[in-house]
2 protein chains.
Amino acid sequence: METIEQLLESKDIRITAMRLLIYKFLAEKEIAVTLSDIENAFEKADRTTLYRTIKTFEEKDIVHQIDDGTGITKYALCEQGCSCDIKTDLHLHFHCNNCNETICLTDHKIPQIKVPDGFVSENVNLVVKGICDKCSG
Amino acid sequence: METIEQLLESKDIRITAMRLLIYKFLAEKEIAVTLSDIENAFEKADRTTLYRTIKTFEEKDIVHQIDDGTGITKYALCEQGCSCDIKTDLHLHFHCNNCNETICLTDHKIPQIKVPDGFVSENVNLVVKGICDKCSG
DNA sequence: TAGTAAGTGCAATGGAAGTGCATTTGTTAT
DNA sequence: ATAACAAATGCACTTCCATTGCACTTACTA
């Protein structure tokens, strides 16, 4: 079992108390969170710190950004073996119109999309909206 | 050939000079535009008017909203026969990372997406990012 | 252990979305 | 035609999130 410290070190990220806390927070969540979500969870921490921590995680491919159409950027931990840097291996996200939560459906890969001649596809963002399993139950 | 006036009337939208201008502007563009784009095109008009005009058009299914991941909402005219209100008939959008333009690929329908048990899909947003035909030439 | 680089916190800025209200314009009924 | 009403427009203001500059603190390194 790899510790969080080892994981961060392997990604060239310095270990700080704040970063460990934020990582743990993300790991506990199964859903994508906004900056404000993190901010509310750590009232003592400054918003800027959270913002830059997330940016750092993002650059090092520890979290990925999700644009679920709510207008607010959300973030979620990349899975083990998630290759967010490899743009052809993106999973899709599900946004629940009822509880407003956004979930990574990591098992569901995005199908190959055909684009017209002359267009080069580098990246795909796919968000399915509807009712999640908890709300439809 | 249906005039713009006739089109607006058929959708229960009152005809005003401003609305005709905005419609023409959108019709001339082949790409999705932001509110600021429209604002810059009509410097005399107030932003609120543009904002509410677009909202009206959207409610009446004359334009559809696009979230291309830039964080700024864009809008584009619905095609003849575009059934934006029917959520299963959505086309995809292409966002060029080079020129930053977003294009409706109306001929390219979104493939059927499978979601896990318990999830109900109501709506799909799919944005392909890459290089458009003009920039890749 | 001193020096340097990175991380953190505070304050402030900027952009876009959205709202309340007064004014103008358009529609309808007398 | 015009009075009365409804819708559209313009202005001012607010809010929310993203982002940055700078000072200060913490962590690594020679």
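Quick note on labels: first sequence line is chain A, next is B, and so on, each numbered from 1. Worth knowing before you read on, the calculation uses all heavy atoms, side chains too, and leaves out hydrogens, waters and symmetry mates.
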Atom [atom1] of [X] to atom [atom2] of [N]: distance rounded to whole Å?
X: B/K55; N: C/dA16; atom1: NZ; atom2: P; result: 16 Å
X: B/L8; N: C/dG26; atom1: CG; atom2: P; result: 15 Å
X: B/L35; N: C/dG18; atom1: CG; atom2: P; result: 9 Å
X: B/I13; N: C/dG26; atom1: CD1; atom2: P; result: 17 Å
X: A/F42; N: C/dT8; atom1: CZ; atom2: P; result: 12 Å
X: A/I22; N: C/dG7; atom1: CD1; atom2: C1'; result: 11 Å
X: A/R47; N: C/dA12; atom1: CZ; atom2: C1'; result: 14 Å
X: A/L21; N: C/dG7; atom1: CG; atom2: C1'; result: 14 Å

Quick check on [N]: is either OP1 or OP2 less than 4.0 Å from any side-chain nitrogen or oxygen of [X]?
X: B/Y51; N: C/dG18; answer: yes
X: A/T53; N: C/dT8; answer: yes
X: B/T73; N: C/dA17; answer: yes

Next on the checklist: Looking at B/R52 and C/dG20, is any side-chain donor or acceptor paired with a base atom of the opposite kind under 3.5 Å?
Outcome noted: yes
Checklist entry - What's the closest nucleotide to the A/R19 side chain, out of C/dG9, C/dG18, C/dG7? => result C/dG7
Next on the checklist: Could you tell me if the side chain of B/K129 sits less than 4.5 Å from the side chain of B/H95, heavy atoms only?
Outcome noted: yes
Next on the checklist: Are A/T34 and A/Y75 packed together at the side-chain level, in the sense that at least one heavy-atom pair is separated by less than 4.5 angstrom?
Outcome noted: no
Do the charged groups of [X] and [Y] touch, with an N to O distance under 4.0 Å?
X: B/K11; Y: B/D61; value: no
X: A/K60; Y: A/D12; value: no
X: B/E101; Y: B/K134; value: yes

Checklist outcome for this item: By nearest-heavy-atom nucleotide on DNA chain C, the more 5' of A/A45 and B/T16 is A/A45
Checklist outcome for this item: Counted 5' to 3', the first and last nucleotides of DNA chain D within 4.0 Å (strictly under) of a heavy-atom of chain B are D/dA7 to D/dA12
Next on the checklist: Over all strands shown, is B/T56 touching base, sugar-phosphate only, or nothing at heavy-atom distances under 4.0 angstrom?
Outcome noted: nothing
Next on the checklist: Which label fits B/H93 and B/H64: parallel for a plane angle under 30°, tilted from 30 to 60°, or perpendicular past 60°?
Outcome noted: tilted
Checklist outcome for this item: Closest heavy-atom pair, A/C96 versus A/I131, reported as atoms and distance to 0.1 Å, is SG-CA, 4.0 Å
